[in-house]
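Only a predicted model underlies this, so the values are computations on that prediction, with no experimental measurement involved. Excluded from the calculations below are hydrogen atoms, water molecules and symmetry mates; all remaining heavy atoms, backbone and side chain alike, are included. Whatever order the structure lists them in is the order used to number ligands and atoms, beginning at 1.
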Amino acid sequence: MDAIPLRKYKTYTGRNFRQIPQIAALSEEQRFAIEVVSQVLPFKTNSYVVEELIDWDNIPEDPFFILNFPQAEMLKPHHFTAVADALKQGVGPKELLNVANAVRYDLNPHPAGQLQHNVPMLDGAAVQGVQHKYKETVLFFPKHGQTCHAYCTFCFRWPQFVGVNDLKFESRDVEQLIAYLQQHPTVNDILFTGGDPLVMSARVMAAYLEPLLLADLPQITTFRIGTKSLSYWPYRFVNDPDTEALLALFRRVTAAGKRLAIMAHINHPRELYPPVVQIALARIHETGAHVHTQTPLLNHINTAPHLWMELWREQVRLGCMPYYMFVARDTGAQHYFGVPLVQAWEIFRTAYREVSGLARSVRGPIMSAHPGKIQVLGVSEVNGTQVFNLQFLQGRNPDWVLRPFYAAYNPTALWLNDLQPAFGEKAFFFDPQQ
Ligand SMILES: *Cc1c(COP(=O)(O)O)cnc(C)c1O
Ligand code: SF4
């Protein structure tokens with residue numbers, strides 16, 4: 001382990017990114033575009049991503065450059081022009097924020113209706129920072145975990161990071177969550193999410209986890225932590241000042257007889273190659289935790305099937321379980337990152353058929369939409385008509401799960417709301433008007 005040097009943790013945002021030495025090689029137009037788009041979408045990167053992941057000889061095509069640095073095309077032209085004009089006119093900060101917020105509200109900031117629909121109630125009051133959509137799992141958004149080591153330009157959680165208060169979603173109260181869980185014995189799985197909960201110190205993380213471990217909740221068998229730290233700050237598990245305390249906390253969870261599942265968000269196989277990442281994985285595994293991986297399919301980033309083959313094979317080699325391939329959601333820069341569903345299915349099957357059964361734990365392509373998690377099973381021809389085959393893996397109504405259904409073939413559809421029922425039906429079986 002002494003082979004892994006310490007790296008200075010430095011973050012860059014729209015304010016200071018011009019300090020990054022490699023940025024000097026970009027044109028002024030490119031730098032201005034970063035400044036424009038970062039008024040609307042969150043922008044943060046860090047020294048590890050800049051020095052280790054981005055290939056600066058391949059700008060602007062490099063996937064990690066695109067994943068962290070806002071690109072002009074991520075805004076629609078009229079939105080880009082509105083913000084660019086405001087910047088060029090040198091308007092004040094308040095006016096600039098108004099222009100940016102007007103664009104933000106145009107970008108469907110709450111896809112899948114997450115603010116209105118999934119907030120649970122306890123004794124007549126909303127439980128803050130908790131989403132309960134599927135009966136066996138609750139999502140918990142710890143107050144201190146609502147940021148990330150770097151922001152992904154595609155992220156559907158982008159409204160949480162831009163400081164627009166009514167777009168935010170977070171909690172500081174674990175006691176309320178415990179009370180809620182005591183009243184809801186169907187829940188056996190708590191998913192800590194954000195942001196990235198592992199931006200929190202081990203001490204703060206323990207303040208959330210330990211009361212849950214100590215509470216009398218035998219039905220809770222699994223704790224999951226959704227995180228991008230493995231890819232964007234792997235030192236978290238290797239040589240951060242409180243790494244040992246964090247790993248000790250992981251051990252306390254597994255020693256309590258619970259499964260600790262690290263849900264690692266990974267976009268590209270290159271994230272797995274640095275030696276520090278492989279050491280981080282080994283250290284996580286030593287605690288008895290398991291690592292599952294999920295990956296959105298993104299135009300400009302990972303549409304080549306061989307990348308998926310490599311991703312899944314390498315994950316299995318490193319002891320990770322490939323879990324989901326997601327379709328880019330209908331928010332933010334979907335027009336930039338979206339891949340048509342038919343192409344998503346082709347990419348998935350092309351890669352899937354080349355990997356061993358151990359990697360076929362992966363499910364995809366999945367749309368995490370308002371009614372549930374819908375898998376695109378593929379395209380079939382029925383009586384000479386082409387149709388999409390779909391099924392729910394998770395449903396707002398559990399009775400919808402694993403009932404195959406059909407949508408009219410549409411080669412450009414990017415998302416559920418682009419699909420119509422097949423065979424002239426008026427509505428899908430799960431539509432409210434049915
Ligand atoms: C994806 C998701 C879950 C977890 O679903 P799994 O299929 O168990 O991973 C829980 N709640 C919400 C709102 C989700 O989107
Ligand atoms: S690390 Fe996760 S939550 Fe944070 S910006 Fe990226 S995708 Fe979004």
Does the side chain to side chain contact (heavy atoms under 4.5 Å, CB included) test come out yes or no for Phe43 and Phe17, once each step is laid out? CA-CA 10 Å; Phe43 168 38; Phe17 76 96; 3.8 Å; yes
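- A distance of 6.5 Å separates CD1 in Ile178 from CG in Leu217, rounded to the nearest 0.5 Å.
- If you check the side chains of Arg7 and Asn46, you find no donor sitting under 3.5 Å from an acceptor.
- When atom types are taken as modelled, the side chain of Asn410 and the backbone of Leu419 share no donor-acceptor pair closer than 3.5 angstrom.
- Ranking protein heavy atoms by distance to atom 8 (Fe) of ligand 2, first place goes to Cys155 SG, 2.3 Å.
- Residue-level proximity to ligand 1 for His132 is absent, since no heavy atom of it falls below 4.0 angstrom.
- Neither the backbone nor the side chain of Leu393 has any atom closer than 4.0 Å to an atom of ligand 1 (non-hydrogen atoms only).
- Nearest protein neighbour of atom 1 (S) of ligand 2, counting heavy atoms only, is Lys228 CB, 3.3 Å.
- For the ligand labelled ligand 2, residue Gly195 lies inside the 4.0 Å heavy-atom shell.
- Formation of a donor-acceptor pair under 3.5 Å by the Arg363 side chain with backbone atoms of Tyr324 is not found in this model.
- Given atom 4 (Fe) of ligand 2, the protein heavy atom at minimum distance is Cys148 SG, 2.3 Å.
- At a heavy-atom cutoff of 4.0 Å, ligand 2 is contacted by the side chain of His265 but not by its backbone.
- Taking the six-membered ring where tryptophan is involved, the planes of Phe140 and Tyr208 are perpendicular, since the angle between them exceeds 60° and thus also 30°.
- Summary of contacts: the protein heavy atom closest to atom 6 (Fe) of ligand 2 is Cys152 SG, 2.4 Å.
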